[in-house]
Trainee: 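Okay, handing you the structure first.
Sequence lines set the chain letters: A, B, ... in the order given, protein chains first and strands last, and positions in each chain run from 1. Note that the structure is predicted; figures quoted are calculated from it, not measured. Hydrogens, waters and symmetry mates play no part in the numbers below; they use all other heavy atoms, side chains included.
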There are 2 protein chains.
Amino acid sequence: MARTKDLTVAERIRSKFAILTRAERQLANTMLESYPVSGLGSITTVAEASDVSTPTVVRMAKKLGFGGFPELQAALRAELEATISNPITKHDRWTEGAPDTHILNRFADAVTENLRQTLRLLDPEDFNAIAALLADRQRSVHVVGGRITRSLADYFFTHMQVIRDGMTLIPSSAGTWPHYVLNMRSGDVLVAFDIRRYEHDILRLAEMARTRGAILVVFTDQWGSPAAQDAAHCIRCRIEVPSAWDSSVVTLFIVEAMIAAVETATWDQTRDRMRTLEELFDETKMFRKFV
Amino acid sequence: MARTKDLTVAERIRSKFAILTRAERQLANTMLESYPVSGLGSITTVAEASDVSTPTVVRMAKKLGFGGFPELQAALRAELEATISNPITKHDRWTEGAPDTHILNRFADAVTENLRQTLRLLDPEDFNAIAALLADRQRSVHVVGGRITRSLADYFFTHMQVIRDGMTLIPSSAGTWPHYVLNMRSGDVLVAFDIRRYEHDILRLAEMARTRGAILVVFTDQWGSPAAQDAAHCIRCRIEVPSAWDSSVVTLFIVEAMIAAVETATWDQTRDRMRTLEELFDETKMFRKFV
DNA sequence: CTGTTTCTGAAAATATGCCTTCAAAGTGTC
DNA sequence: GACACTTTGAAGGCATATTTTCAGAAACAG
């Protein structure tokens, strides 16, 4: 019948997170950040580290079921002692409370390994060159994806659209693609996502684009899309995971890093565009003010 | 010239042991016994544990080169933090040939840290429960995303559609949402993606769905969408990266792991569906035969 | 045995830590 | 827009934690 008694502080935070307020969540997050050491200082230290006031710390401790902050801290120390004196149980597991064989843990292993391999294989010069192309406002950028990678193309497009103008998202229906090729000028960039099984149509689009003088950038998997043959730049991502499908996590990672690189390169203009965007959002009242 | 500065507390004790008095040695021994946790309580606790007085503790701290007991304790905490965060973090640079400060390396650090934090906050039971809901073919599943998360919703939908029928992707235009709510039956599942800035409309949709008896599953960030309040299950992902935007990488990771979990749970049916799908693809000649 | 030195912990003094109160600001509602 | 409700940190009071003081105890030398 032991109830909250034998839960770790982390677990208590997890289970009570729903009823925590904004400042309390902020605190909870930093406490979990370098858990559990971050919670072992004085209440003042802990509060300052999360940019909240000391009353907030006390209030959260009580919400988690402790009498006060010192009680919470004692629990942390007890946990720490238990883990340290028990080095065998503590081998690295991503998700505590789930077995090693749980899909979350197996997936986490696979994805980090994919990330490592991908970055090992990636030429930073290539990456920089692509970023430079995308940052060049003289060039229009056209984005296309396949059956699965459409979502990635979409994500990339949405962000890039904030950063710069001259972005086009080519829809997934191949029928209208010639219309889009029509608008490509020499020096334009075509970013194509093509993961196995590689699509005939993407290859054909790439060829069409090249004859119009477009520069081809391909995001593909470790085996390489046939379209990559003609590509000026090609990013190969590892995509294997314990599943019948391939993983897009690493590809998304590279996409985001690329967006960040372009954003940095053109920060002055990007900042202005973002401000304007904020104002437009405010007018539409589409979003809640940040809580 | 850094002398005692970079020594651990344990090393300092060892080197100064000769000049310690009887009571101080007694203290030193118990402190080393379950080091370093034993030193993290209040000075009173520490003193009592070794059967010495608090002044003894202070005196020893000063002999070891600290200004006082709190300073010694801070050193212990710092050590602990270093040992705990070290084992995985301190691997070499991700991308060789690019400096540590290259966006790829900074991004890789941020994302793996996000992943670690997310999995710590995640309740595996919650994850399993969601997987079970999604695997239940009696329930229809409705998927919706916001401005940015639309791509994730789309990705999730595309894969789930292969696994099972009864999937609906709710479009991003809020105007037609009531039409979709009309089709929700009690026991159906609504999977909503809502990352800051949280959208008013998603919250309202969630409420509508709930009154129709739908079970709400929310994917959100570490601060928690307001829609998460009404949610039966909520997955919170860390999304901070060195960029003006938030990262969706970890969210996509969870989504993929979820897809894999559902796939495993319903493998018999899924396999059949995939075979049929392959045949359909073959007929359309949409893809190149695997190269 | 006495004086000297060193060590030790009780107790007082001081500094922080911790908690409560409360007013201001934010949010949701009518 | 006015109201109630929630959330939040500044300020202050009380409670510990930490340090200092100091006197007794122990060890040692002469």
Trainee: Mark up nucleotides 5-16 of chain C, 5' to 3', with B wherever a protein heavy atom is under 4.0 angstrom from a base atom, S wherever such an atom reaches only the sugar-phosphate, and - elsewhere.
Mentor: --SBBBB-----
Trainee: Is there a side-chain hydrogen bond (donor to acceptor under 3.5 Å, both in side chains) between Thr270(A) and Glu263(A) once you walk through the steps?
Mentor: CA-CA 7 Å; Thr270(A) 303; Glu263(A) 170 201 312; over 6 Å; no
Trainee: Which label fits Phe193(B) and Phe219(B): parallel for a plane angle under 30°, tilted from 30 to 60°, or perpendicular past 60°?
Mentor: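 Ring orientation of Phe193(B) relative to Phe219(B): parallel.
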Trainee: Looking at Glu11(B) and Arg14(B), is there a salt bridge between them, counting it only when a charged N and a carboxylate O are closer than 4.0 Å?
Mentor: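 Looking at Arg14(B) and Glu11(B), the cut-off is not met.
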Trainee: Shoot me the first and last contacting nucleotide of DNA chain D against chain B, ordered 5' to 3', at under 4.0 angstrom to non-hydrogen atoms.
Mentor: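 Listed 5' to 3', the contact boundaries are dA17(D) to dT20(D).
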Trainee: Between Glu79(A) (side chain) and Val9(A) (backbone), is there a donor-acceptor pair under 3.5 Å?
Mentor: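 Side chain of Glu79(A) to backbone of Val9(A), a donor-acceptor pair under 3.5 Å: yes, one is there.
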Trainee: Closer than 3.5 angstrom, by distance alone: can the side chain of Arg25(B) be matched with the main-chain N or O of Ala18(B) as a donor-acceptor pair?
Mentor: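 The answer is yes, because a donor-acceptor pair under 3.5 Å joins these two groups.
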Trainee: Between Arg204(B) and Asp201(B), does any side-chain N to carboxylate O distance fall below 4.0 Å?
Mentor: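 Yes.
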Trainee: Rounded to the nearest Å, what distance is computed from the CZ atom of residue Phe66(A) to the C1' atom of nucleotide dC19(C)?
Mentor: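 About 17 Å, once rounded to whole Å.
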Trainee: dT20(C) phosphate, OP1 or OP2: any side-chain N/O from Lys62(A) under 4.0 angstrom?
Mentor: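 So the side-chain polar atoms of Lys62(A) do come within 4.0 Å of the phosphate oxygens OP1 or OP2 of dT20(C), strictly under.
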Trainee: Partners of His159(A) by ring pair (Phe, Tyr, Trp, His ring centres under 6.0 Å), sequence neighbours excluded?
Mentor: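 Counting only residues at least two positions away or on another chain, His159(A) forms a ring pair (Phe, Tyr, Trp, His ring centres under 6.0 Å) with Tyr155(A), Trp245(B).
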Trainee: Got a donor-acceptor contact below 3.5 angstrom from the Gln222(B) side chain to the Ile239(B) backbone?
Mentor: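 A pair under 3.5 Å: yes.
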Trainee: Would you mind reading off the distance between Ile43(A) atom CD1 and dG17(C) atom P, rounded to a whole angstrom?
Mentor: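 So the two atoms are 10 Å apart, to the nearest Å.
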